[in-house]
Engineer: 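Below is one structure. I have some questions about it.
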Protein chains: 2
Amino acid sequence: MSSVEPLKARRLYLLLRDRIVSGEERPQSRLPSEPTLAEQHGVSRVTVRRALDKLANEGLIERRPGSGTFVNGSKANFPVTADFSNLLSHLVEMGRRTEVKLLSFGYVPPTPVLAEALRLEAGERVQRSVRLRVIDGQPFSYLVTHVPERIGVSYSEADLASKPLLELLERSGLVAERASQTIGATLAGPDIAEALGLEIGAALLALTRVVYAPSGQGIEHLHAFYRPDRYSFQMDLVRTGAGNSRSWTPVERARKGDAKPRNEASARPESNPQMRRGDVPRRTKA
Amino acid sequence: MSSVEPLKARRLYLLLRDRIVSGEERPQSRLPSEPTLAEQHGVSRVTVRRALDKLANEGLIERRPGSGTFVNGSKANFPVTADFSNLLSHLVEMGRRTEVKLLSFGYVPPTPVLAEALRLEAGERVQRSVRLRVIDGQPFSYLVTHVPERIGVSYSEADLASKPLLELLERSGLVAERASQTIGATLAGPDIAEALGLEIGAALLALTRVVYAPSGQGIEHLHAFYRPDRYSFQMDLVRTGAGNSRSWTPVERARKGDAKPRNEASARPESNPQMRRGDVPRRTKA
DNA sequence: TCTTTCTGTTCTATATCAGATACAGAAACC
DNA sequence: GGTTTCTGTATCTGATATAGAACAGAAAGA
């Protein structure tokens, strides 16, 4: 059944983990001995042991009997990263095999929040789909999507399992013009945890996105959860403007392969949406 | 000391929480009764009760004796949001009182990762500071900063507690030209949890940022942790380009107030933040 | 009003976890 | 080789979460 999760052990595990990843405990160095740790933190050695077990499982430490417990050099964990400028598209470019599993599909009445975000008419239902994105055989994101019913019927259930939703929408003649998204964090519940191969209560990167058509009508509402060890958001910024109005502007990230100069943000053909404070083209929502 | 955290109760809590925030259980609707939930999930009613207690603490549900347990319309607390274009600067503009507490300060030898990120010379040390950002009296971010020693000495410890680090750096004649950042998620360890007023093991939004001078030299390495219920990243994107090269471009977000007015009065008299997903049990004795 | 169905509360077994101790094997140092 | 200091392993005891049940009070419907 659900492997039980100790309590003080977890506490100590998190403490040590923080110390290690924050660099307080340096790579190659030896941790205090188990008896020492036990005394330092007022717990028994068994508990210390459980915490160290977890760290060892994740490859953060290495235990050498008779010698001690040693901090591992950063466990070279390069998660897939997403750049904001192109959202998921670069995954395909990178030639990595990503597949999608459709976990759930159906039409439901919208919640108030959904109805408002998508600007639904009264009584209109939404298509709800839950998908799991897998890269190189390993799941990394759990996607809950809501689409207005009249739009959702333009593609089939099978389409959803094979193509990106945005592509399907645009194929249907819809134009995704604007999107608004929020990035946060949350804990993994049982189903998400299982789908992503995580423990219950693991940390998740959460993204909420609403995509709008030029009309201002919402066409997609996405609730995405990412395994932070396999996926993260990454971006480069440059300082622009002068004086008091200096600010940071995102630039397209240099990726491996198609070398883009790291310093010079030259590449950026036409689209330099350098906007100043006031002039945000806010077409929607007066 | 450490208030113990049940296990099955937590599991059920997370399950129900997901259902509620994902909209599977609609606002105003009644949850299955406690005995029913107990049977459905193969746990005792005491356990169900503990899970519901937690949900009730966070304001996600409302319990009416004799009547049932009801899903609360998401009280959608509006977390402070950050736009990428201006990082933290808008907080000040918004006129909200933010203060900084310096938790730790000192000079330490860098870890290999740090040395490489900041392109340090051999033997060069770094200034390490831990700060806590507070808004309206409530902490929302925990910042661990590393700066090369030769740069760090250009400002005082007291400066750090009063001014943004970037401002200090630029005051010293340094130019922050480029930055590279990664956004992920992690769990709260004991010290971060305590500083931010969270439970151990709560979800955190994690940001790693390296700021570079025009020379390519790194001048600041930041490791930031945010309470997801009080702080999140938000951005608007527009679809640019044509044909195959279509992509999303970030635009500066419309500000004023916080999030854009959702229903009505954007004026949210700050008040006590109701919790949202990401759980945030404020330690209040019931 | 009577009945039913809820939540709120208390109680006592039981399963599971944490604390303490003892001992075996492995490595490092003298 | 002997000694010390580690990790690995096992066992016992106390603490606590969970299970199960019983009962009181509140709300809703017949």
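To find a chain, count down the sequence lines: A is the first, B the second, and so on, and within it residues start at 1. Source: prediction; values computed, not measured.
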Engineer: Of the options D/dT18, C/dG8, C/dG19, whose atoms approach the side-chain atoms of B/Arg63 most closely?
Structural biologist: C/dG8
Engineer: Could you state the atom-to-atom distance from CZ of A/Arg30 to C1' of C/dA27 in whole Å?
Structural biologist: 12 Å
Engineer: When you measure from the side chain of B/Arg50, which nucleotide among D/dT18, D/dA27, D/dC6 comes out closest?
Structural biologist: D/dT18
Engineer: By nearest atom, which of the nucleotides D/dA26, D/dG8, D/dT18 is closest to the A/Glu34 side chain?
Structural biologist: D/dG8
Engineer: Whole angstroms only, please: what is the CZ-C1' distance between B/Arg10 and C/dT16?
Structural biologist: 18 Å
Engineer: Using atom CG of A/Leu31 as one end and atom P of D/dT5 as the other, report the distance to the nearest whole Å.
Structural biologist: 19 Å
Engineer: Hey, is A/Glu25 close enough to A/Arg30 for a salt bridge, meaning N to O under 4.0 Å?
Structural biologist: no
Engineer: Between A/Arg17 and B/Thr186, do the side chains contain a donor N or O and an acceptor N or O under 3.5 Å apart?
Structural biologist: yes
Engineer: Would you mind checking if A/Lys101 and A/Glu99 are paired as a salt bridge, meaning a charged N to carboxylate O distance below 4.0 Å?
Structural biologist: no
Engineer: Under the rule for ring pair (Phe, Tyr, Trp, His ring centres under 6.0 Å), what residues qualify as partners of A/Tyr142, not counting sequence neighbours?
Structural biologist: none
Engineer: Using a cut-off of less than 4.0 Å, is there contact between a side-chain N or O of B/Thr69 and OP1 or OP2 of C/dT7?
Structural biologist: yes
Engineer: Between C1' on C/dA26 and CZ on A/Phe70, what's the gap in Å once rounded to a whole number?
Structural biologist: 13 Å
Engineer: Counting heavy atoms not belonging to B/Glu24, are there more than 12 under 6.0 Å from its CD?
Structural biologist: yes
Engineer: Once you round it to whole Å, what is the distance between P of D/dG20 and CD of B/Glu39?
Structural biologist: 11 Å
Engineer: For D/dA19, does either OP1 or OP2 sit under 4.0 Å from a side-chain N or O belonging to B/Lys8?
Structural biologist: yes
Engineer: What's the closest nucleotide to the side chain of B/Ser33 if the choices are C/dT7, D/dT7, D/dA28?
Structural biologist: C/dT7
Engineer: Measure CZ/B/Arg64 against C1'/D/dG25 and give the value in whole Å, please.
Structural biologist: 17 Å
Engineer: Any idea how A/Phe225 and A/His223 line up, ring-wise: parallel (<30°), tilted (30 to 60°), or perpendicular (>60°)?
Structural biologist: tilted
Engineer: Kindly state which residues belonging to residues 40-49 of chain B come within less than 4.0 angstrom of DNA chain D, counting heavy atoms of the residue only, listed by number.
Structural biologist: B/Gly42, B/Val43, B/Ser44, B/Arg45, B/Val46, B/Thr47
Engineer: In plain terms, say whether A/Arg63 and A/Glu34 are close enough for a salt bridge, that is, a side-chain N and a carboxylate O under 4.0 Å apart.
Structural biologist: yes
Engineer: Calculate the interatomic distance between B/Leu37 atom CG and C/dT7 atom C1'; express it in whole Å.
Structural biologist: 12 Å
